[in-house]
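Below: one structure, written as structure tokens.
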There are 2 protein chains.
Amino acid sequence: MANITDVAKKAGVSIATVSRVINGNTNVRENTKQTVLKAISDLNFTPNINAQGLQKKITKTIGLIFPDASSYYFAEIIRGISSRLRKEGYHIIVASSHDEEDEVNTLISLLKSGRVDGMILMMPSIQNVNVFKDSLVHTPVVYLSTGINTSQSTTVVLDNYQAAKDITEHLIWHGHKRIAFIHGAPRNFDSMERYNGYVDTMKNHNFEVSKTLESHGNFTEASGFKSAMELLNQKVRPTAIFAANDAMAIGTIEAAKRLSLKIPDNIAVVGFDDISTAQYIDPALTTVKVPVYKVGQIVGRSLFNQLTDGKKNIIEEKIVIPLKVLIRKSCGCSYEDDKFL
Amino acid sequence: MANITDVAKKAGVSIATVSRVINGNTNVRENTKQTVLKAISDLNFTPNINAQGLQKKITKTIGLIFPDASSYYFAEIIRGISSRLRKEGYHIIVASSHDEEDEVNTLISLLKSGRVDGMILMMPSIQNVNVFKDSLVHTPVVYLSTGINTSQSTTVVLDNYQAAKDITEHLIWHGHKRIAFIHGAPRNFDSMERYNGYVDTMKNHNFEVSKTLESHGNFTEASGFKSAMELLNQKVRPTAIFAANDAMAIGTIEAAKRLSLKIPDNIAVVGFDDISTAQYIDPALTTVKVPVYKVGQIVGRSLFNQLTDGKKNIIEEKIVIPLKVLIRKSCGCSYEDDKFL
DNA sequence: TATTCGAATGTAAACGTTTTCAAAAATATA
DNA sequence: TATATTTTTGAAAACGTTTACATTCGAATA
């Protein structure tokens, strides 16, 4: 494989000149530039990334740590991030893992070995965040859906709170007073915020908020099914259930069917995310749309800004993504969704 | 950040010795080894990956190119690959893109710039595969779900053909003769193999195989809905539909409901993949289980083998993953699936 | 034509490792 | 104890770039 010296020889110039044209330096005569470009193309030369990284101390690579639970929208997120960062020449290293310690280690090693220029952290489970903060003070990083308050870095969060309020208000508008909430995974930031939106809205209306109206799942359909069963088997049933995500809402619908309850007449159900199944399930699920691809792009752009601004003047920034409620039928609306025809 | 020279100074040895310790070279006296180790830990030193890569010509990184369509199981695949490769110290660079040319470019640049030691290619759409082959002769690579026949490399494929035969046979066992097939994305290898299994089985039984029993989708629920509508609106309807994946099968179920057809009585439906929704949809979907995580691990192991064996003696190898039919209700079986309770 | 000055180019050092080869130290052998 | 052998260590080159600095070139000015 050709290296810069081969190119220099072929073009009859020094390697410095070759380097200059590679890096778009203006101080090269048009004439020689063309000669070099020709040599590069003739020899099918690509600069060695390790040598470049060694010199420039950048790798044009960013790290992305993602948690187990997020799998369903992960590909979309990546695509969003990648679409934004690709055009700047960045690549993405991903790391997933089943246990937190492993994640921490991966992160640290990625950082310390100089493998990445920046990081995107999807760590919805707040717990370990402080372990990271120390390692990250001098690294461009954006946190996604994390409750962390960081100086020196950017956080991108969904407007879970407002959207949860909106969708709860909608249920109340339908006349519901006994509205139950199914939590997602323990300590999950998104789930907690959605819960806060729900609770505050209930309180604003002086409606009951109690443990009997809450149940704890872990974002899976199965857990939603189980949680819903608990809620629905009480002597006094809720008339509506707000699940912290769509998968659990779908589990809830399944549970209601098992108990021969009509949706939305006997029990209304709403979710969060707008996964693709939401519109196909019967009845179509009223939920909150999370624009995953777009979130990815925003995260990508935000990281790129930090990368180019340099670590010295990173601005603490919190980007809040607004969310919209998607009215379908499971809440009681009769709006006919003509999705296909 | 400390470098190898700092460590050497602190330990009172030469950088060569430090390097030996780092790389587990045996020819270091236990005594000095401990001193060096102490210095490394005191200074919190991690070898610079670019310098290592420049010298050793390996990066401990592998590239993973994935197509748009595969998004739903992508996170699981990554997790599988990563779980296998992580323990060998490898990282994963991912690249997705919306158009094929972009993919090719990414691939080539990843390879040529020395950023990756090997590649995993998920390129279910056969088309462009030959473009790659040339660039890849000297690179460890494993193809996933690709129809390509390569010397010098490994291919991991699902046993689509056999599983499609099995599930078609099952429909026939239920008494169906007019069985329709909904294709996935054009030129998609998995879809084509599934079709072949279907067609051969039909022919074996001397059942009709014709264009009126085929429709073309693109793996999405919406396309399944549309394709099913076409099939079901014919004067003579099929009595069963085999969709090339679950998403389209779910679209098919939706379509049948729209037309007030009972499943499985008026029309049986089967899919492929076993996505999580398959068991929740009503009726629960009979399908073929694709063990995605396991596939990821197999792919990871296979690439690792190539990586360690060195490129000289790579064995052409084709790994076929056996698949099992999952009987639920949409085929007409009355087996009661007690998934939760 | 000689002089000055800016632009274009080249030389060589630097980035942080690994590794070859030689030297030194430790150990075994006589 | 002297010598041969093996093990451990160090010096220096190499990997392929970028870049500070020095040099050369060409054009513009006098």
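Because the structure is a prediction, the values reported are computed rather than measured. Sequence lines set the chain letters: A, B, ... in the order given, protein chains first and strands last, and positions in each chain run from 1.
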Original post:
Listed by chain and number, what are the side chain to side chain contact (heavy atoms under 4.5 Å, CB included) partners of A/N48, not counting sequence neighbours?
Top reply: A/N50, A/A51, B/L54
**OP:** Walk along DNA chain C from 5' to 3' and tell me the first and last nucleotide with an atom closer than 4.0 Å to a non-hydrogen atom of chain A.
**Re:** C/dA8 to C/dG16
**OP:** Please work out if A/S113 contacts a base, only the sugar-phosphate, or nothing of the nucleic acid, heavy-atom cut-off 4.0 Å.
**Re:** nothing
Original post:
Could you state the CG-P distance from A/N27 to D/dA22, rounded to the nearest angstrom?
Top reply: 17 Å
**OP:** Report the residues that fulfil side chain to side chain contact (heavy atoms under 4.5 Å, CB included) with A/T32, sequence neighbours left out, ordered by chain and then residue number.
**Re:** A/V28, A/R29
Original post:
Within the structure shown, what part of the strands sits under 4.0 Å from A/T32 by heavy-atom distance: base, sugar-phosphate, or nothing?
Top reply: sugar-phosphate
**OP:** State, without any angle test, whether B/R115 and A/T61 hold a side-chain donor-acceptor pair at a distance under 3.5 Å.
**Re:** yes
Original post:
Where along residues 6-24 of chain B does a heavy atom come under 4.0 Å from DNA chain C, residue by residue in number order?
Top reply: B/I15, B/A16, B/S19, B/R20, B/N23
Original post:
Between B/Q52 (CD) and D/dA14 (C1'), how many Å, whole number?
Top reply: 16 Å
**OP:** Using five base pairs at each end, measure the axis-to-axis angle across the helix from C/dT1-D/dA30 to C/dA30-D/dT1 and round it to 10 degrees.
**Re:** 40°
**OP:** Verify side chain to side chain contact (heavy atoms under 4.5 Å, CB included) between A/Y90 and A/L307, making sure each step is shown before the conclusion.
**Re:** CA-CA 11 Å; A/Y90 281 86; A/L307 252 13; 3.5 Å; yes
Original post:
In chain order, what residues pass the side chain to side chain donor-acceptor pair (under 3.5 Å) check against B/N23, with sequence neighbours excluded?
Top reply: B/S19, B/K56
**OP:** Nearest-nucleotide wise, let me know which of B/A51 and B/T26 is further upstream toward the 5' end of DNA chain D.
**Re:** B/T26
